[in-house]
Amino acid sequence: MNTGLDLFSVVIDREDLSDLLVHDVWDTLPEELREEFLNRRTASADWESCSCQESDGRRWEPLRPVVIGEGAYRRLESLAARLLHLAVDSCRRRASTVGELCRALGFRHDHPLMDLDRPLVAAELTRYARPDILIEQGRPRFLEFNNCTRLGGVTVTPQLAEAYAGLCPQSGLYPPPSVVTARSAALARTLRAKVGHGDGGRILMPVYRAIDKPAGTVRRYETARPTILADAQRMGLEVVQADLVDLRLDAAGRLLAADVPIDLVLIEWGGSRPVDDGGGFDALRAADRAGTIELFPRTESAMISSKAILSWLHEDCDAGVLAAADRALVRTHIPWTVCLGLDGDPAAQGKLLRMATGERDRLVAKPAMGNAGRGVLFGNQTSTQDWPSAVVDAARESPMVLQHRVESDRMTMPFRDRDSGQRVTAQVPFVLSPFIIDGAAASLAVRHMSPGVPAEDVVISAGRGACQSTALLAPEPSTHPPRGWFGDGGQIDRPGVNGK
């Protein structure tokens, strides 16, 4: 459907993007500013949404965000939007419908709202993403696109950014556009396109039950968390909250929730996938097939998260089907990737395995569909004897990719021990994950390791001890810095971070 937004209105010259470098510019800020910033952060209360990981029995929390120049951020936005579009184009060369793409990718996940007969539409499949990007010698390297209905950090990332910006409000550092607000705007566009510009139109934010992974028990979740609900209402959206078990259809096939018709449903599942829906999924699926509701995002977009698509992009480069500028983007910003377990050609698979054995130290093996670093094998951390069988055995279970190992840049991060107050500084690897909504970037989620991280390659995930953080933007350099770097410091214990 037409959402009223040109997906590539922010695109910069693609040849320019192939030279994009992104750096944490914290160390280039005035020393006085950095010292004051860290002192104010240290003096502030513990921020509940600021990730704190245990290391050697210590509870460390980072004391600063990543800082990126606003120009680099905007070029990263354009790069991510273009690569997402190329990823869907690559899928459409191999499949015309969702079902065909499922089969091509060996996609085995059960998504009850997935419409296997639906055509592949780029604008639907790229509306909501949060790619994971490592930085190697300043160059962004995309590891996966992360399109799904369960993206983490939606509320925490902008809250942290606002809190950090509030420490020294006249420093000139500022948060990227909030992902919460950007998504509300996308929902409003979708609703207007569905019902027109007159009055009416309702969005459902479901209540549901899902398995809480840490506890292993079923708990109740609400899509409309306070921050999300308040922002949607500020945008003028009429929000309905209703339990999945209470959804039903009227005689015209329209979805009813709380006895009122629904036009749009925000799909965002916390924890594991919902359970005990009481027929709610059947009602959602029937209304979707009848065309009486819109889903944001569409469940089918989860397939774009498959790392096998990265291998297809490199195949397309080798086949010469991409324009020269796009080939440069793919080869520069996506590590070389091949997939095992999809192609039924034994000769081709054998050739890949021989290559994998000969280049073990340069490669990392990953499940094509997976998260949290589960099933990842670094060749340089696996013995020559074990590597081939480990890769083959994993590929028999589900498709695997072999990818050139990215040697991640490290940044200098100060930490504080919450219990003792001790401060230390460590060189830590990090992942940048900008939210991309309808082609435009919003909040920039960051994960980085805590003190004591080994010098070798590591998986930078929360499950492996990574800290969840955020980024602020720095204005482009000017001849005269802003006057009054510090102002009055505002209110340090900001409500969005201290327990809201």
Side-chain angles (χ1 to χ4, degrees), residues 10-28 65-87 129-146 176 307 309-311 313-314 316-318 322-338 359 361-364 366 378-380 401-413 427-436 441 444-449 455-460 466 469 471-474 476-477:
V10 296
V11 167
I12 301 173
D13 180 21
R14 278 173 277 170
E15 294 183 0
D16 185 45
L17 293 175
S18 65
D19 295 329
L20 171 61
L21 297 178
V22 175
H23 297 284
D24 173 33
V25 300
W26 169 264
D27 288 337
T28 69
V66 173
V67 180
I68 293 175
E70 60 185 1
Y73 170 79
R74 285 303 172 191
R75 293 176 69 202
L76 187 64
E77 167 187 65
S78 296
L79 175 62
R82 184 59 188 167
L83 289 177
L84 278 165
H85 188 79
L86 291 176
R130 197 209 63 204
D132 280 349
I133 306 166
L134 286 179
I135 305 299
E136 185 178 37
Q137 297 181 11
R139 198 170 302 283
R141 307 277 274 163
F142 285 67
L143 301 186
E144 59 183 311
F145 289 119
N146 279 338
K307 301 174 193 68
I309 296 173
L310 305 182
S311 72
L313 284 169
H314 280 279
D316 292 346
C317 285
D318 295 340
L322 298 183
D326 287 329
R327 287 200 303 272
L329 291 186
V330 170
R331 286 175 170 156
T332 301
H333 296 293
I334 295 179
W336 178 87
T337 308
V338 294
E359 299 191 19
D361 283 350
R362 296 183 60 198
L363 296 175
V364 56
K366 308 174 182 179
F378 289 102
N380 62 352
V401 298
L402 294 171
Q403 192 173 76
H404 273 170
R405 182 169 54 88
V406 176
E407 297 185 11
S408 172
D409 293 350
R410 296 197 172 208
M411 63 180 175
T412 303
M413 179 61 62
Q427 293 285 320
V428 295
F430 60 100
V431 174
L432 302 181
S433 300
F435 287 89
I436 306 294
L444 208 170
V446 177
R447 298 191 306 278
H448 61 73
M449 301 306 289
E456 62 187 10
D457 295 309
V458 295
V459 175
I460 308 171
S469 190
L472 293 182
L473 304 184
E476 293 301 299

* Asked: How many angstroms lie between atom CG of N146 and atom CZ of R130, to the nearest 0.5 angstrom?
  -> 5.0 Å
* Between P434 and I133, is any pair of side-chain heavy atoms under 4.5 Å apart? -> yes
* State, yes or no, whether a side-chain contact exists between S433 and V446 at a heavy-atom distance under 4.5 Å. => no
* **Within-4.5 Å side-chain heavy-atom neighbours: R139 and L21** => yes
* Asked: Do V66 and W26 have side chains that get closer than 4.5 Å, going by heavy atoms?
  -> no
* To do: Could you list the residues that satisfy side chain to side chain donor-acceptor pair (under 3.5 Å) with S311, not counting sequence neighbours?
  => none
* Asked: With a 4.0 Å cut-off, would you call D132 and K307 a salt bridge?
  -> no
* To do: Might you point out which heavy atoms bring P335 and L143 nearest each other, and give the distance in Å?
  => CG-CD2, 4.1 Å
* Distance-only side-chain donor-acceptor flag, S408 / E136, under 3.5 Å -> no
* Run the side-chain contact (heavy atoms from CB on, under 4.5 Å) check on L134 and V431 step by step: do they pass? -> CA-CA 5 Å; L134 286 179; V431 174; 3.6 Å; yes
* Asked: What pairs with R410 under side chain to side chain donor-acceptor pair (under 3.5 Å), at least two apart in sequence or on another chain?
  -> none
* Asked: M413 versus H448: any side-chain heavy-atom pair under 4.5 Å?
  -> yes
* To do: Hey, can you tell me if H333 and F142 have their rings parallel, tilted or perpendicular (30° and 60° cut-offs)?
  => perpendicular
* Asked: Are the side chain of Y73 and the backbone of L472 linked by a donor-acceptor contact shorter than 3.5 Å?
  -> no
* Can you name the nearest heavy-atom pair linking L20 to A72, along with the distance? -> CD1-O, 4.2 Å
* Going by heavy atoms in the side chains, are V459 and F378 under 4.5 Å from each other? -> yes
* Sub-3.5 Å donor-acceptor pair from the side chain of D316 to the main-chain atoms of L322, do we have one? -> no
* Could you tell me the separation between the CD atom of Q137 and the NE2 atom of H23, rounded to the nearest 0.5 Å? => 10.0 Å
* To do: Would you please name every residue forming a salt bridge (Lys or Arg N to Asp or Glu O under 4.0 Å) with K366, sequence neighbours left out?
  => none
* From L313, I436, I334, L17, residue fulfilling side-chain contact (heavy atoms from CB on, under 4.5 Å) relative to L83 -> I334
* Structure fact -> Distance col, row D326:CG vs L86:CG, nearest 0.5 angstrom, shows 4.5 Å
* **Gap between atom CZ of F145 and atom CD1 of I309 - 0.5 Å precision** => 8.0 Å
* To do: Applying side-chain contact (heavy atoms from CB on, under 4.5 Å), run through R405 and R362 and close with a yes or a no.
  => CA-CA 5 Å; R405 182 169 54 88; R362 296 183 60 198; 5.7 Å; no
* Asked: Taking side chain as C-beta onward, heavy atoms only, is I68 less than 4.5 Å from V25?
  -> no
* Structure fact -> Value for CZ (R141) from CD (E407), rounded to nearest 0.5 Å, stands at 10.5 Å
* To do: Could you grab the distance from atom CD of E144 to atom CG of L310, nearest 0.5 Å is fine?
  => 8.0 Å
* Using a 4.5 Å cut-off on heavy atoms from C-beta on, say whether the side chain of L363 contacts that of Q403. => no
* To do: Output, in order, the C-alpha distance, side-chain angles, deciding distance and verdict of side-chain contact (heavy atoms from CB on, under 4.5 Å) for D318 and R331.
  => CA-CA 10 Å; D318 295 340; R331 286 175 170 156; 3.0 Å; yes
* Asked: After noting the C-alpha distance and the side-chain angles of S469 and R447, does the key distance pass the side-chain contact (heavy atoms from CB on, under 4.5 Å) rule?
  -> CA-CA 6 Å; S469 190; R447 298 191 306 278; over 6 Å; no
